[in-house]
Structures are given as structure tokens and as C-alpha cells.
Participant: 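Just dropping this structure here.
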Amino acid sequence: MKAAVTLRAQLLAWYDQNARDLPWRVGPADRAAGVRADPYRVWLSEVMLQQTTVPHATPYFLKFTARWPTVSDLAAAPDEEVMAAWAGLGYYARARNLLACARAVANDHGGVFPDTEAGLLKLPGLGPYTAAAVAAIAFDRPANVVDGNVERVVSRLFAVEQPLPAAKPELKRLAAALVAEDRPGDWAQALMDLGATICRPKAPLCDRCPLADHCAAFATGTPDAWPRKTAKAARPRRHGVAYVLTRGDQVALVRRPPKGLLGGMLALPTSDWRSEPWSEAEAISAAPAPAAWRGVGEVEHVFTHFSLTLRLLRAEGDADGVIWSPRGDLEALPSVFLKAARAGLSNLL
DNA sequence: TAGTCGTGGCA
DNA sequence: TTGCCAAGACT
């Protein structure tokens with residue numbers, strides 16, 4: 001199809017001039033000169049970028065690659081160090097699967113990543129998107145790399161009326177017909193760069209888009225009306241208590257169970273999180289240890305599928321089965337508990 | 001298959 | 001303040 005040939009050439013030419021300079025990326029000029037991307041760095045960046053913005057993921061990528069330069073280095077790292085290094089990045093199952101994957105590559109594949117989409121898909125934490133992305137970007141396989149950017153670009157190109165998420169299979173079919181088999185890795189990155197910088201969710205920059213003359217949504221005059229989406233359910237609120245127990249300069253922490261919310265991460269001791277607020281008397285009765293507990297305010301935190309109000313109780317004392325950590329060294333905590341700990345420690349009501 | 005699983009920036 | 005969203009995977 002001639003239109004598809006032109007579209008591919010136009011987008012690749014745009015990418016050659018406008019590719020973002022990213023620390024894990026081999027740019028189009030270097031790629032044309034034969035430089036290969038390091039599969040470890042491609043994989044690590046792709047996992048970190050799942051549902052995560054480039055500015056948020058970038059410092060974590062630099063920290064991880066400086067500390068663990070190869071997949072075998074990462075495979076040899078203790079669980080607690082990797083979970084602590086991931087703290088603040090969210091979706092902590094990614095960190096658990098990251099380690100499982102690194103160890104599988106190190107132990108079962110001689111420290112070398114599989115070089116096919118099917119082989120990559122078998123590794124923990126690599127789903128359809130990430131397996132395709134690593135196959136294309138690291139190994140130049142003609143994989144159909146479809147993320148949220150690509151879904152948006154394709155839905156606009158063809159003005160797909162079916163709303164997301166139901167439209168995902170159709171958008172993937174449409175994307176598959178476009179894959180540039182001569183430069184698969186650059187094609188995947190070009191489509192994602194276009195989505196991230198030009199074909200943005202709001203206020204797309206169609207006057208700078210190399211594909212505008214192919215775009216059905218642009219032709220309607222309201223391209224930001226795509227992709228169509230089904231309405232989301234309201235976010236419920238939950239209530240809990242977090243206990244800030246100090247012993248001199250140390251704070252009592254616990255290790256959360258390996259699965260579920262914030263699984264495997266360090267945390268403040270907490271009550272259950274329920275739909276009804278906790279009274280101060282209830283909160284004290286549920287405390288992890290007897291002490292002179294006093295209320296020191298509350299913090300709000302928003303998770304993907306619920307909002308949390310965390311009442312803060314503070315006391316000086318002792319408890320069994322906790323991990324005493326210096327109060328100035330709380331970087332291993334997920335954001336919700338870092339926020340709660342800082343608020344509880346600064347609030348001397 | 002629909003629900004679960006974080007975070008921070010921004011309109 | 002609230003909702004939306006950003007390179008999804010897993011169960």
C-alpha cells in the first residue's frame with residue numbers, strides 16, 4: 001500500500017531529526033552506524049517506564065545502572081537493596097519481577113537475554129508490550145510494539161470510534177500493518193516519541209506532525225476527541241492509622257508481606273485500611289505496642305484505585321518484631337510512608 | 001475478565 | 001481540590 005509506505009518514510013525521517021536524547025537510547029544516527037543497544041539497559045528502562053513518566057524513571061535508571069552495570073550484577077544483589085533502590089517509583093511488583101527476571105537470565109540463560117519476542121515473553125515482568133519493545137529496540141526484530149502512545153496515535157490516524165479499553169485489539173491490528181520492517185527498533189521508538197511529544201493526549205501539536213496529512217482525526221478538526229474512552233468508576237476512600245514509634249533517634253519500621261499493596265517494602269506499622277474513619281480511641285487500641293500514643297495529624301495519599309486518609313499516632317517506646325531505622329534514613333520507604341513518617345516526626349503537637 | 005497495583009505533575 | 005494521566009503485568 002503506497003500510503004503506508006509514505007507514512008513510514010515520513011515518520012522515520014521525522015524521528016531522524018527529532019528523536020529524544022534518552023540515557024538508555026541508541027539514537028538513529030548511531031543506530032545507522034551499527035551501534036547496538038545493550039539489552040540489559042533496554043529491558044531495565046522499559047520496566048521502569050511501565051505506567052511511569054520519563055522524568056520520574058530517569059534518575060532511577062541512572063542509579064540502577066551505576067550500581068548494577070550488568071544483569072548479572074543485578075541478579076546477585078540482595079532483595080532488600082533492590083527494593084530500597086526502587087522505593088518511590090511505585091508498582092512494586094515490578095521490582096520483585098525485575099529481580100526474578102535478572103536471576104532467570106543469569107542462571108538459566110548464561111547472563112544473556114533471549115533475542116526473540118517469544119523468548120522474552122516467558123520472563124517474569126515482561127508482558128506483550130515489554131517483550132515486543134525489547135525485541136524491537138535491542139534486537140531489531142519486527143515486533144508490533146503497542147503502548148499507550150501507539151494506541152493514541154493509531155486511534156487518531158484512523159479515527160477509531162470504539163472506546164478504550166475495548167478498542168485495544170483493533171488498535172493493535174491497525175498498528176501491526178504499519179510496522180517498518182527495515183528499521184523495527186527505530187520505528188517503535190519513533191511512534192512512541194511522536195505520541196509523547198506531538199500526538200499528546202491534550203493539545204496535540206498537529207501543525208508539527210509529520211503524519212497530519214494521513215490523520216483522520218486531524219481532518220475532523222478535533223483530534224483531541226480521540227481516543228474515545230469509557231468513563232471510569234469513582235475512586236473510593238479508605239481510612240487507616242499509621243504509627244510513628246520512636247526510640248531515641250530511631251523509628252520502628254516493618255517489612256510488608258511479599259504480595260499485595262506495597263508488597264515486600266519497608267513501612268510504618270499500620271492498622272487495617274477500611275471505609276470508616278478511625279477514632280483516636282480506636283486507633284490507640286489497635287496500636288502495635290502499648291505506649292503514650294498521641295494524635296499528630298493525618299496525611300492524604302492517592303493510589304490508583306483508592307484514596308487514603310492516614311491518621312498519625314506518635315509515641316516514644318519499644319516494640320517487638322520491628323526494624324529500627326535512623327530517622328534521617330527513610331529513603332527505603334514508599335512515598336506514602338515517607339510522607340507519613342516526615343509528617344509524624346515533624347509534628348510535635 | 002475485571003480488579004489490583006504507585007507516584008507526581010498538571011489543568 | 002479533583003481528576004487525568006504515563007513506555008502495563010499479573011491474577
Participant: Between F306(A) (CZ) and dG3(B) (C1'), how many Å, whole number?
Facilitator: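 The distance from CZ of F306(A) to C1' of dG3(B) comes to 13 Å, rounded to the nearest Å.
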Participant: L333(A) has an atom CG; how far is it from atom C1' of dT7(B), in whole Å?
Facilitator: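 After rounding, the gap between these two atoms is 15 Å.
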Participant: Can you see whether T130(A) engages Q50(A) through a side-chain donor-acceptor pair at a distance of less than 3.5 angstrom?
Facilitator: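 Checked: T130(A)/Q50(A) side chains pair up, N/O donor to acceptor below 3.5 Å.
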Participant: Mind listing the residues from residues 41-63 of chain A sitting with a heavy atom below 4.0 Å of DNA chain C? Number order is fine.
Facilitator: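 Here the set is E46(A), L49(A), Q50(A), Q51(A), T53(A), V54(A).
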Participant: Hey, are E298(A) and T309(A) close enough side-chain-wise for a donor-acceptor pair under 3.5 Å?
Facilitator: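 There is no such pair between these side chains.
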Participant: NA contact type, K232(A), heavy-atom cut-off 4.0 Å: base, sugar-phosphate, or nothing?
Facilitator: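 K232(A): backbone/sugar contact only, no base atoms under 4.0 Å.
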Participant: Check the orientation of W43(A) and F113(A). Use parallel for under 30°, tilted for 30 to 60°, and perpendicular for over 60°.
Facilitator: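 Geometry flag for F113(A) against W43(A): tilted rings.
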Participant: Counting the benzene-type ring for Trp, do F303(A) and H305(A) have ring centres under 6.0 Å apart?
Facilitator: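 So the answer is no for these two rings.
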Participant: Please report the distance, rounded to the nearest Å, between CG in L308(A) and P in dT7(B).
Facilitator: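 Interatomic distance, CG of L308(A) to P of dT7(B): 11 Å.
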Participant: For the side chain of T130(A), starting at C-beta, report the closest nucleotide among dG6(B), dA9(C), dC5(C).
Facilitator: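 When the side chain of T130(A) is considered, dA9(C) is the closest of dG6(B), dA9(C), dC5(C).
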Participant: Under 4.0 Å, heavy atoms only, any strand: does K339(A) hit a base, just the sugar-phosphate, or nothing?
Facilitator: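 Touches nothing.
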Participant: Report the nucleotide, chosen from dA9(C), dG6(B), dC5(C), that has the shortest atom-to-atom distance to any side-chain atom of R235(A).
Facilitator: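 Among the listed nucleotides, the one closest to the side chain of R235(A) is dC5(C).
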Participant: Within the structure shown, what part of the strands sits under 4.0 Å from L338(A) by heavy-atom distance: base, sugar-phosphate, or nothing?
Facilitator: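 Touches nothing.
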Participant: Identify the residue among P334(A), P258(A), P257(A) that makes a side chain to side chain contact (heavy atoms under 4.5 Å, CB included) with M265(A).
Facilitator: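 Going through P334(A), P258(A), P257(A) one by one, the side chain to side chain contact (heavy atoms under 4.5 Å, CB included) with M265(A) is satisfied by P334(A) alone.
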Participant: To the nearest 0.5 Å, what is the distance between OG1 on T6(A) and CG on L211(A)?
Facilitator: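 Between atom OG1 of T6(A) and atom CG of L211(A) there are 11.0 Å.
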Participant: Using atom CZ of R238(A) as one end and atom C1' of dG6(B) as the other, report the distance to the nearest whole Å.
Facilitator: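 Going from R238(A) (CZ) to dG6(B) (C1'), I get 14 Å.
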Participant: Look at the aromatic rings of F337(A) and W273(A) and report parallel, tilted or perpendicular, splitting at 30° and 60°.
Facilitator: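 It falls in the tilted class, 30° to 60°.
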Participant: Nearest-nucleotide wise, let me know which of R25(A) and G125(A) is further upstream toward the 5' end of DNA chain C.
Facilitator: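 The residue closer to the strand's 5' end, by nearest nucleotide, is R25(A).
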Participant: When all nucleic acid strands are considered with a 4.0 Å heavy-atom cut-off, which category describes R152(A): base, sugar-phosphate, or nothing?
Facilitator: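 Sugar-phosphate only.
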Participant: Using a heavy-atom cut-off of under 4.0 Å over every strand shown, decide if L262(A) touches base, sugar-phosphate, or nothing.
Facilitator: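 L262(A): backbone/sugar contact only, no base atoms under 4.0 Å.
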Participant: Roughly, in whole Å, what's the span from CE in M265(A) to C1' in dT7(B)?
Facilitator: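 After rounding, the reported distance stands at 12 Å.
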Participant: Is K229(A) near enough to dC5(C) that one of its side-chain N or O atoms lies under 4.0 angstrom from OP1 or OP2?
Facilitator: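 Looking at the OP1 and OP2 atoms of dC5(C), one of them is under 4.0 Å from a side-chain N or O of K229(A).
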Participant: With nearest nucleotide decided by heavy atoms, which residue, G148(A) or V302(A), maps closer to the 5′ end of DNA chain C?
Facilitator: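 Its nearest nucleotide lies further toward 5', so the answer is V302(A).
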Participant: Expressed in whole Å, how much space separates the P atoms belonging to dA9(C) and dG8(B)?
Facilitator: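 Looking at atom P only, dA9(C) and dG8(B) are 22 Å apart.
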Participant: CG of L164(A) versus P of dC4(C): gap in Å, rounded?
Facilitator: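 Interatomic distance, CG of L164(A) to P of dC4(C): 14 Å.
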Participant: Please determine whether any donor N or O and acceptor N or O are separated by less than 3.5 Å between the side chain of Y129(A) and the base of dG8(C).
Facilitator: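 No.
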Participant: Are Y92(A) and dT7(B) close enough that a side-chain N or O sits under 4.0 Å from OP1 or OP2?
Facilitator: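 For dT7(B), OP1/OP2 do have a side-chain N/O of Y92(A) under 4.0 Å.
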Participant: For the residue pair R247(A) and W324(A), would you count it as a cation-pi contact if the rule is NZ or CZ under 6.0 angstrom from the ring centre and within 45 degrees of the ring axis?
Facilitator: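 Positive - R247(A) is close enough to the ring of W324(A) and near enough to its axis.
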Participant: Any idea which of dC5(C), dT7(B), dG8(C) is nearest the Y91(A) side chain?
Facilitator: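 Of all the options, the side chain of Y91(A) is nearest to dG8(C).
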Participant: Tell me: CD of E151(A) to P of dG8(C), nearest whole Å?
Facilitator: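 The distance from CD of E151(A) to P of dG8(C) comes to 8 Å, rounded to the nearest Å.
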Participant: Measure CG/N97(A) against P/dG8(C) and give the value in whole Å, please.
Facilitator: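 Rounded to the whole Å, the gap is 16 Å.
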Participant: Does a side-chain N or O from K259(A) land closer than 4.0 Å to OP1 or OP2 of dC5(B), or not?
Facilitator: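 Checking dC5(B) against K259(A), no side-chain N or O comes under 4.0 Å of OP1 or OP2.
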Participant: Can you tell me which nucleotide in dA9(C), dT4(B), dG6(B) comes closest to the side chain of T304(A)?
Facilitator: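 Of the options given, the side chain of T304(A) lies nearest dG6(B).
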Participant: When all nucleic acid strands are considered with a 4.0 Å heavy-atom cut-off, which category describes G88(A): base, sugar-phosphate, or nothing?
Facilitator: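 Sugar-phosphate: the residue G88(A), judged by heavy atoms under 4.0 Å, touches backbone atoms but no base.
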Participant: Starting the side chain at C-beta, find the nucleotide from dT7(B), dC5(C), dG8(C) nearest to S335(A).
Facilitator: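 Of dT7(B), dC5(C), dG8(C), dT7(B) is nearest to the side chain of S335(A).
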Participant: Looking only at the side chains, is there a donor atom on one of T304(A) and R235(A) sitting less than 3.5 Å from an acceptor on the other?
Facilitator: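 No, because no side-chain N or O of T304(A) sits under 3.5 Å from a partner of the opposite role on R235(A).
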